[in-house]
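Okay, so here's the structure we're looking at.
Chain letters run A, B, ... following the sequence lines, proteins first, then strands; residues in each count from 1.
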Amino acid sequence: MGDKFQLIHDVSPGTTGWTVKVVVAEKFSPRVAQRSPTKYQNLTLMDSEGSTVQATLYGQNITAFQDELLLGKTYLISNALVKETNAEYKAKSGEIQWTISGRTRIRRVEENNSNLLISTYSFTDFEDLPKYMDSNVDISVIGMIIDIEPRRIIQTRFGKECQVQDLVLVNKRFDTVLLTMWETFVDNECKYICQNLRKKTCSDWKAYQSLSISTKADSSFFIDGEFELVEEFKSWGHTNSEIIDNMISEKHYLTSTPSKLSSKLSVPTDEKDFTEIKNIQGLKTMKQFFWIKGKASVKVLNQTYWYMSCNNCNKISSENYGDIYPCVFCKCTDAKAIPRAKVYMQLTDPTGYINATAIGNPAEYFLQSNAEILMNQTLIPTAASMRLSMDEDEIFYVKAITQELSPDCKFEILFIVNPLQIAGDKNKGKAPVEHIGEPIKFLEPTTKRSLFHSDTDDAQSSKKKCDKSTIEITKKNQ
DNA sequence: CCCCCCCC
């Protein structure tokens with residue numbers, strides 16, 4: 001890791017022009033927020049000195065960046081949103097968190113920093129695992145996955161059905177533990193692990209993973225994340241492939257069955273470790289279209305009237321104007337970064353007002369300007385530089401976006417039509433009316449794909465979510 | 001058909 005970049009500690013809220021080189025040290029499962037339909041995903045990023053910062057992705061960014069931010073890989077990151085963690089939730093003050101979004105610039109660096117990652121973890125020996133039962137502390141283990149059992153369905157003591165799948169981990173002393181993956185870990189990690197195991201012949205397995213594990217009070221071990229340290233076991237696995245092959249063919253590790261310990265190991269007892277079904281079902285975004293006749297005006301002068309966008313999909317870009325780049329959202333390889341107008345304004349008619357956003361054409365039409373001018377304008381605008389309010393009524397085609405668990409509606413202006421233009425002239429009826437009268441539309445929640453890997457073909461991964469796995473200690477194999 | 005920046 002070089003030193004010509006800033007370190008994580010150098011970056012505070014308000015710091016500008018920074019670039020930090022980081023390794024993705026942990027990548028957690030995406031989750032659905034408890035009190036809103038928002039999906040979020042936390043990452044742990046580590047700089048060259050081993051300092052870490054929590055980075056969070058939201059919504060569509062989770063899938064957009066799933067192949068850009070890979071576990072254990074190194075990146076140059078700039079222009080993340082840096083802020084202090086919410087005082088409501090943080091224990092200590094001054095804790096910093098980065099939000100990764102479309103405007104965050106991320107550049108892959110071909111560096112192997114797995115030694116750095118390893119150096120910051122202390123791994124618990126398999127034989128010491130029982131000590132940590134009930135201790136409720138975080139521990140880490142490192143091992144190589146040498147086998148995976150078929151997935152199975154179990155019933156918890158609460159009668160809930162869960163899908164689980166057992167993995168066999170081996171350490172360098174050839175001790176084994178059985179690691180039970182639960183629920184979404186079966187959908188995500190196990191599927192990936194299976195693929196890698198299947199690809200190889202028995203003597204050449206190279207799907208080495210380690211797992212960070214935390215213990216909970218009910219004696220189970222939960223996996224709450226994943227990291228990957230390939231180098232650690234690569235040569236070891238190769239050197240010892242015969243022994244490992246033999247372990248697998250003899251299935252020594254199955255001489256002790258999980259059921260021996262299963263009475264002590266269970267799914268979480270704490271209700272908040274389960275996601276309530278009401279939080280994940282019926283998460284619909286309701287969209288409704290309608291017309292308004294009234295006036296628009298800018299009430300908040302000090303806003304950004306443009307954003308840099310992909311010329312293919314209009315989504316936000318972290319590139320400079322004119323640059324050709326691969327868009328993470330539409331996957332267009334030669335997208336061009338161009339400015340796009342936007343404006344936040346107030347719509348009024350005699351009965352009241354709403355706040356609304358316009359983007360692209362309607363924004364340019366209302367402001368009587370264009371995106372390039374808006375981009376280059378440095379001062380807070382005045383009525384001389386753009387239109388800030390309307391003198392006469394115009395017609396607005398508005399979309400309402402209601403989030404079921406959110407109290408307020410958001411409005412977006414899709415089209416603006418000047419009544420004079422359609423009054424008895426040839427443009428009449430040419431307003432873009434294809435959405436008129438469109439009934440309420442229910443959309444599926446976004447981002448159904450597995451986050452770690454792009455291979456989720458079964459759609460049942462929308463089932464959620466005790467993102468937990470237990471580890472069960474088996475007898476040593478020899 | 002996109003902006004905002006959301007969670008523990």
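- Among the atoms of the strands shown, none is found under 4.0 Å from any heavy atom of Ser309(A).
- With respect to Asp393(A) and Lys295(A), a salt bridge is recorded, a charged nitrogen being found less than 4.0 Å from a carboxylate O.
- Among residues two or more places apart in sequence or in another chain, the ring pair (Phe, Tyr, Trp, His ring centres under 6.0 Å) test is passed with Trp306(A) by none.
- Judged by distance alone, with hydrogens and angles left aside, the side-chain atoms of Gln6(A) form a donor-acceptor pair with the main-chain N or O of Thr19(A) at under 3.5 Å.
- We find that CG of Asn61(A) is positioned 12 Å from P of dC5(B), with the value rounded to whole Å.
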- side chain to side chain contact (heavy atoms under 4.5 Å, CB included) assessment of Arg387(A) paired with Leu367(A): CA-CA 5 Å; Arg387(A) 174 161 72 163; Leu367(A) 296 170; 5.5 Å; no
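- Distance CD1 (Ile338(A)) to P (dC3(B)): 13 Å, rounded to an integer number of Å.
- Rounded to an integer number of Å, the gap from CD of Gln54(A) to P of dC5(B) is 18 Å.
- As rounded to whole Å, 10 Å separates atom C1' of dC3(B) from atom CD of Gln60(A).
- Using a 4.0 Å heavy-atom distance criterion, Cys313(A) is classed as a sugar-phosphate-only contact.
- Atoms OH (Tyr305(A)) and P (dC4(B)) sit 16 Å apart, rounded to a whole Å.
- Taking 3.5 Å as the limit, the base of dC1(B) and the side chain of Glu412(A) contain no donor-acceptor pair of atoms between them.
- Separating the CZ atom of Arg340(A) from the P atom of dC4(B) is a distance of 12 Å, rounded to the nearest angstrom.
- OP1 or OP2 of dC4(B) has at least one side-chain nitrogen or oxygen of Arg103(A) nearer than 4.0 Å.
- Look at CG on Asn312(A): it is 10 Å from P on dC1(B), rounded to the nearest Å.
- With a 4.5 Å cut-off on side-chain heavy atoms, Tyr325(A) and Asp334(A) do not count as touching.
- With dC3(B), dC8(B), dC5(B) as the choices, the nucleotide that has an atom nearest any side-chain atom of Tyr58(A) turns out to be dC5(B).
- A heavy-atom distance below 4.0 Å to DNA chain B is reached by these residues of residues 315-327 of chain A, ordered by number: Lys315(A), Ile316(A).
- Atoms CG (Leu414(A)) and C1' (dC3(B)) sit 13 Å apart, rounded to a whole Å.
- Closest to the side chain of Lys342(A), out of dC2(B), dC3(B), dC5(B), is dC3(B).
- Within the structure, salt bridge (charged side-chain N to carboxylate O under 4.0 Å, His left out) contacts touching residues 305-319 of chain A (residues at least two apart or in different chains) are Arg105(A)-Glu319(A), Arg107(A)-Glu319(A).
- In this structure, Lys27(A) contributes its side chain and Gly72(A) its backbone to no donor-acceptor pair below 3.5 Å.
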